[in-house]
Amino acid sequence: MARLVSFKGVDTLLRAAGRVVAECPDARFVVLGGGPLEGDLRALAERLGIAPSVRFSGFRADDRDVVRLLGLADVFCLPTRRRAWVSRSWRPWRWGTRGGPADRTVTTVVADGETGLLVKPEDDAAYAAAIVRVLREPELGRRMGEAGRRRAAALFDPSGCSRR
């Protein structure tokens, strides 16, 4: 879920997706968002041979639609070059301040190994390993998802983007 611009790191996610699909052939990836790099990212998915496993869904104006789609996911990934993480999908509010630094928001919400898995930005091998781990260890994913939901509820006001 991102505006498709360089610092969001979706290219890293796609490279990781190639590794994930090699280990988990049924894995599918949905990229929520649009932006100037969409064509380049679609071309990268083609070059990596994973285009059939990746769906670009475009920009979503309705937050309820985004929350619904996130709720359908087994894993949520935020590959920003500032701070990347992987977690079991949990139906988050818009936690974070619009326009605020993503790395501060991620480290506020994600406690590594507790509410998600932090990985070094641009490390597609580590990113893939984290995704595969969550897919192969559903109980770990469930625990992190529940812990993430509790942490977000404790830290953020569900009516908007402000911290409690």
Side-chain angles (χ1 to χ4, degrees), residues 1-60 66-92 95-96 101-149 151-152:
M1 179 178 71
R3 178 157 162 72
L4 302 182
V5 294
S6 179
F7 78 89
K8 292 295 187 171
V10 177
D11 57 321
T12 300
L13 176 61
L14 292 177
R15 284 190 295 281
R19 294 170 182 266
V20 172
V21 169
E23 290 191 49
C24 302
D26 292 335
R28 298 294 177 263
F29 294 82
V30 177
V31 178
L32 293 177
L37 293 182
E38 185 171 345
D40 292 343
L41 293 168
R42 285 177 183 270
L44 177 59
E46 287 286 343
R47 281 194 309 276
L48 293 170
I50 59 168
S53 300
V54 179
R55 177 171 183 151
F56 288 86
S57 70
F59 174 74
R60 300 289 199 211
V66 171
V67 171
R68 181 185 63 80
L69 291 170
L70 289 175
L72 295 173
D74 291 325
V75 178
F76 172 78
C77 301
L78 184 69
T80 178
R81 287 189 159 79
R82 293 182 178 141
R83 179 90 57 184
W85 65 290
V86 174
S87 179
R88 174 71 171 90
S89 182
W90 44 280
R91 295 177 176 92
W95 37 261
D103 56 341
R104 182 169 35 128
T105 302
V106 170
T107 57
T108 299
V109 175
V110 179
D112 191 28
E114 180 184 333
T115 61
L117 300 173
L118 292 171
V119 296
K120 185 178 177 183
E122 301 186 67
D123 186 342
D124 57 280
Y127 217 121
I131 294 168
V132 168
R133 181 176 176 203
V134 173
L135 290 174
R136 288 190 174 157
E137 297 179 37
E139 180 58 26
L140 170 69
R142 188 197 61 74
R143 279 194 320 265
M144 287 191 305
E146 289 296 321
R149 190 174 6 268
R151 187 172 175 103

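What you find for Asp124 and Thr12 is that their closest heavy atoms are CB-O, 3.8 Å. Of all heavy-atom pairs between Arg151 and Ala111, the closest is NH1-CB, 4.1 Å. Here the shortest heavy-atom pairing between Pro36 and Arg3 reads CD-NH2, 3.6 Å. Shown here for Ser57 and Gly33, the closest heavy-atom pair between the two residues is OG-N, 4.3 Å. Contact record, Tyr127 with Ala16: CB-CB, 3.8 Å, taken as the closest heavy-atom pair. Scanning all heavy atoms of the two residues, the minimum distance from Ala27 to Leu135 falls at CB-CD1, 4.4 Å.
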Counting only pairs under 3.5 Å, give me each side-chain donor-acceptor contact of residues 40-47, with atom names and distances, residues two or more places apart or in other chains.
unit_1	atom_1	unit_2	atom_2	d
Arg42	NE	Glu38	OE2	3.1
Arg42	NH2	Glu38	OE2	2.8

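Residues Arg149 and Glu146 are paired through a salt bridge, judged by an N-O separation under 4.0 Å between the basic side chain and the carboxylate.
With sequence neighbours excluded, no residue forms a side chain to side chain contact (heavy atoms under 4.5 Å, CB included) with Ala22. When the side chain to side chain donor-acceptor pair (under 3.5 Å) test is applied to Asp11, the partners found at least two apart in sequence or on another chain are Arg15, Arg81. Every residue two or more places apart in sequence or in another chain that forms a salt bridge (charged side-chain N to carboxylate O under 4.0 Å, His left out) with Arg133 is listed here: Glu137. Under the side chain to side chain contact (heavy atoms under 4.5 Å, CB included) criterion, Pro25 pairs with no residue at all, not counting sequence neighbours. Applying the salt bridge (charged side-chain N to carboxylate O under 4.0 Å, His left out) test to Arg136 and every residue at least two apart in sequence or in another chain returns Glu23.
Of the residues listed (Ile50, Val75, Val21), the one engaging Phe29 in a side-chain contact (heavy atoms from CB on, under 4.5 Å) is Val21, and it is the only one. Each of Leu118, Leu117, Leu78 was compared with Val110 under the side-chain contact (heavy atoms from CB on, under 4.5 Å) criterion, and only Leu118 meets it.
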